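The analysis underlying the following values was restricted to heavy atoms, covering all of them including side chains, and did not include hydrogens, waters or symmetry mates. If you're wondering where the values come from, they're calculated on a predicted model, not measured in any experiment.
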Amino acid sequence: MTDVQKDRQPSDAPRQADRPWLIRTYAGHSTAKASNALYRNNLAKGQTGLSVAFDLPTQTGYDSDHVLSRGEVGKVGVPVCHLGDMRTLFDQIPLEQMNTSMTINATAPWLLSLYIAVAEEQGADVSKLQGTVQNDLIKEYLSRGTYICPPKPSLKMIGDVAEYCYTNVPKWNPMNVCSYHLQEAGATPEQELAFALATAIAVLDELKPRVAPEDFPALCGRISFFVNAGIRFVTEMCKMRAFVMLWDEILETRYGVQDPKFRRFRYGVQVNSLGLTEQQPENNVYRILIEMLAVTLSKNARARAVQLPAWNEALGLPRPWDQQWSMRMQQILAYETDLLEYGDLFDGNPAVEAKVAALAEGARAELSNIGAMGGAIEAIDYMKGRLVDANAERLNRIERNETIVVGVNKWTEGEASPLVGEDGGIMVVDPAVEQEQIARLNAWRAERDDAAVAAALAELRAAAKEGRNVMPASIAAAKAGVTTGEWAQQMRVVHGEYRGPTGVSRSVSNKTEGLDDIRNAVDAVSDRLGRRLRFLVGKPGLDGHSNGAEQIAFRARDCGMEIDYEGIRLTPEQIVEAAKNGAHVVGLSILSGSHIPLVEDLMERMRAEGLGNVPVVVGGIIPDEDARRLRAMGVAKVYTPKDFVLNTIMMDIVALVDSKAVAAE
């Protein structure tokens, strides 16, 4: 046997494999009781950590019976209004032994307070709790939209959570810098790197004066990240290596952190949902697998926790089986393959090193721009505008077939998916859930000690006004029976509310190539109307995913229409009031599943105000049966993610308005 053959023989000694990453499934729906059953079921199937999805009222600081909560309760996550809900959510789940990620931002201090209160009820040693609150408000202003207060007080509350956890819950990650939604909003890899790192710098600058200098490096070590991995596998893998390099560089040079263990880039990941397709949805399984490889193959930049979307999330909420399938994908990679038995597979690869260097250089240039503006808080408008532009360019490339998306703009013919069965291939939340949740909320309010609640709220308000850390008062409020809406209302009273930038200016962009026919059609119908065609784009309810609305408004403006777009979180009443200003067509964007009650309310109000002749179009993740119901209500057009050619939508709008103009003549 040759020496080479000997080298190829398996060693008698077993290899010491790395520990797998935390295996999570992002989950929560309907009620705390239903979500608890789902969590316990997933843990029994081999999930090793929890990732809690909260519904939009909980994320934006409203109780389930608030007017803005209508249609949103339990839709995209679990409603948690008070300590009783949190108690039910984690029933029979020992929190001292669990690693829990809570995707919560504006109400992060409050949800963490509820979690701590439940852990204490269970008899847990709070200092042993492990997990994460996302707690990143800057990306909420840029992409996700579940903010409440203005940036500066929000940054202060991020600091409150981090400072409190460092002292009292030292194993908890108090802030999860989230670049995930930046990519979902169209960020380039360089933008994702730079905007996330700029956010982390803003947080560390807030935290540095709060602790003794000798404690600051350890506090830096508790900041974690939550990232996105897209379909461009090599670029995404190199992006993660660039993150590792840049974070180490920032902590050492800007903050003087000498211990390498406090400079580690610790991150969790959910792979890209933006690229999941409604067309041929079974193809999403391959996309999810390839995207997972980008954050697991590279040992020196490997994720510490992974959660994967399900194949059908472009259609609606995944069922338990769909989530199980995604979890099995992680388990097969971690336990059946030999990936974890090797060192880094890409060290010394010249192509990888060159790509990492290029990404890092681009990110440093963006960081320099943001730094020159005064940092991430001062640069919010700039970053939002850059994201909208980048997303517009991404969509343009797909429309021009420069970017191929299988089943969408190439190879569109295929067999019907047998995975989409009689239930439509998704889970539908029972509409009765909302009233049941409101009934439980009212019962909670009736049974609590009102004097204790009033005292807790007064102390909470005083802490916020005086600039004290709000965590101790929040935990006391949780134990007293305060609700999510009541906690958030104190923050609104003290700090005020905030409306983030839309990123869509009224000035025409430089992306008008190929729009001449539509612009001519807009001019022609505007001449018949006697004034410029006016398009009102509205986002009713609490859905903060504004990317679609922004791109529709962006393209409509470039096609020569006069646009009205004021951003997210509007009531149907506010949208109808805006329509009175001469809207020729109203477009609604709703991606949270609340389209039926919100559109029904809006259509009734339109008719009551004498606007029944104004065409209404609706876009969102809308099942076929719901689309039929919307059209029966009088909606003129319904668009879903498969309707990706914006110019076709623009011509539809022109035709709708033109038919009204001709009829009026």
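- Taking 4.0 Å as the cut-off between side-chain N and carboxylate O, Asp601 and Arg605 count as a salt-bridged pair.
- Ser224 OG to Arg264 CZ: the interatomic distance, rounded to the nearest 0.5 Å, is 14.0 Å.
- The backbone N or O of His545 lies less than 3.5 Å from a partner atom in the side chain of Lys539, making a donor-acceptor pair.
- Between the side chains of Trp21 and Thr296, not a single donor N or O lies within less than 3.5 Å of an accepting N or O.
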* In sequence, state the C-alpha distance, the side-chain angles, and the governing distance for Lys479 and Glu120, and then conclude on salt bridge (charged side-chain N to carboxylate O under 4.0 Å, His left out). => CA-CA 10 Å; Lys479 295 176 179 178; Glu120 289 182 350; 2.6 Å; yes
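- Formation of a donor-acceptor pair under 3.5 Å by the Thr571 side chain with backbone atoms of Gln574 is found in this model.
- Less than 6.0 angstrom separates the ring centroid of Tyr115 from the ring centroid of Trp172.
- Under 3.5 Å, the side chains of Tyr180 and Ser143 contain no donor-acceptor pair of N or O atoms.
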* Asked: Would Gln97 and Lys128 satisfy side chain to side chain donor-acceptor pair (under 3.5 Å), going step by step from the backbone distance to the final call?
  -> CA-CA 8 Å; Gln97 301 169 32; Lys128 294 181 179 177; over 6 Å; no
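- With hydrogens and angles ignored, the 3.5 Å screen pairs no side-chain donor or acceptor of Asp430 with any backbone N or O of Val433.
- Side chain to side chain, Asn176 and Thr132 fail the donor-acceptor criterion of an N or O pair below 3.5 Å.
- Within the 3.5 Å criterion, the main-chain N or O of His29 finds a donor-acceptor partner in the side chain of Ser35.
- How far CZ of Phe225 is from CZ of Arg266: 10.0 Å, rounded to the nearest 0.5 Å.
- Under the 3.5 Å distance criterion, the side-chain polar atoms of Gln122 are matched with a main-chain donor or acceptor of Leu95.
- We find that Arg210 and Asp160 are joined by a salt bridge, their nearest charged nitrogen and carboxylate oxygen being less than 4.0 Å apart.
- A side-chain donor from one of Trp110 and Thr484 sits under 3.5 Å from a side-chain acceptor of the other.
- Checked by atom type, the side-chain pair Arg24/Asn42 shows no donor-acceptor distance below 3.5 Å.
- With respect to Arg445 and Asp65, a salt bridge is recorded, a charged nitrogen being found less than 4.0 Å from a carboxylate O.
- Between the side chain of Tyr26 and the backbone N or O of Thr103 there is no donor-acceptor pair closer than 3.5 Å.
- For the atom pair CG (Leu219) and CG (Asp215), the distance works out to 8.5 Å, reported to the nearest 0.5 Å.
- Minimum heavy-atom separation, Met427 to Pro318: CB-O, 3.8 Å.
- For the pair Arg222 and Tyr164, the cation-pi test (distance below 6.0 Å, angle within 45°) is failed.
- Heavy-atom contacts from other residues, nucleotides or ligands closer than 6.0 Å to CD of Glu163 number more than 12.
- Put simply, the side chain of Trp444 never gets that close to the backbone of His82: no donor and acceptor are under 3.5 Å apart.
- No side-chain N or O of Asn173 forms a donor-acceptor pair with one of Gln130 less than 3.5 Å apart.
- Under the 4.0 Å criterion applied to side-chain N and carboxylate O atoms, Glu206 and Lys156 are not assigned as salt-bridge partners.
- In this structure, Arg468 pairs ionically with Glu459, as a charged nitrogen and a carboxylate oxygen lie closer than 4.0 Å.
- The structure places CG of Leu542 at 9.0 Å from CD1 of Ile568, a figure rounded to the nearest 0.5 Å.
- Checking side-chain atoms of Thr483 against main-chain N and O of Glu486 turns up a donor-acceptor pair under 3.5 Å.
- One side chain, Arg328 or Gln331, offers a donor N or O that lies under 3.5 Å from an acceptor on the other.
- For an aromatic pair to be called close, the ring centres must be under 6.0 Å apart, and Tyr267 with Phe265 satisfies this.
- For the residue pair Asn312 / Asp322, a side-chain donor-acceptor distance below 3.5 Å is found, with atom types taken as modelled.
- With salt bridges taken as basic N to acidic carboxylate O contacts below 4.0 Å, none links Lys75 and Asp55.
- Atom CD of Glu72 is separated from atom CG of Asp543 by 7.0 Å, given to the nearest 0.5 angstrom.
- Side chain of Glu96 to backbone of Asp125: a donor-acceptor contact under 3.5 angstrom is found.
- The nearest pair of heavy atoms linking Arg70 to Leu598 is O-CD2, 3.8 Å.
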* Asked: side chain to side chain contact (heavy atoms under 4.5 Å, CB included) between Ile590 and Val599: does it pass, once the steps are laid out?
  -> CA-CA 9 Å; Ile590 310 169; Val599 173; 4.0 Å; yes
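- Classified by interplanar angle (parallel below 30°, tilted 30° to 60°, perpendicular above 60°), the ring pair Tyr147/Tyr141 is tilted.
- A side-chain N or O of Ser51 and one of Gln307 form a donor-acceptor pair less than 3.5 Å apart.
- A donor-acceptor pair shorter than 3.5 Å cannot be found between the side chains of Glu184 and Asn547.
- Within the 3.5 Å criterion, the main-chain N or O of Thr58 finds a donor-acceptor partner in the side chain of Thr107.
- With 3.5 Å as the limit, one finds a donor-acceptor pair spanning the side chains of Thr25 and Gln47.
- Rounded to the nearest 0.5 Å, atoms CD1 (Ile104) and CG (Asp136) are 13.0 Å apart.
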* To do: I would like to know whether Gln489 and Arg492 meet side chain to side chain donor-acceptor pair (under 3.5 Å); could you show each step before the answer?
  => CA-CA 5 Å; Gln489 183 58 23; Arg492 289 181 167 97; 4.7 Å; no
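- Closest approach of Pro623 to Ile426, counting heavy atoms only: CG-CD1, 4.0 Å.
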* **Worked check of side chain to side chain contact (heavy atoms under 4.5 Å, CB included) between Phe226 and Gln270** => CA-CA 8 Å; Phe226 187 73; Gln270 172 159 321; 3.6 Å; yes
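- Side-chain N/O atoms of Asn105 and Gln59 include no donor and acceptor closer than 3.5 Å.
- Shown here for Met98 and Ile93, the closest heavy-atom pair between the two residues is CE-CG2, 4.1 Å.
- A salt bridge is defined here as a Lys NZ or Arg NE, NH1 or NH2 lying under 4.0 Å from an Asp or Glu carboxylate O, and Glu600 with Arg629 fails to meet this definition.
- Between Glu550 and Lys384 there is a salt bridge, with a side-chain nitrogen of the basic residue lying less than 4.0 Å from a carboxylate oxygen of the acidic one.
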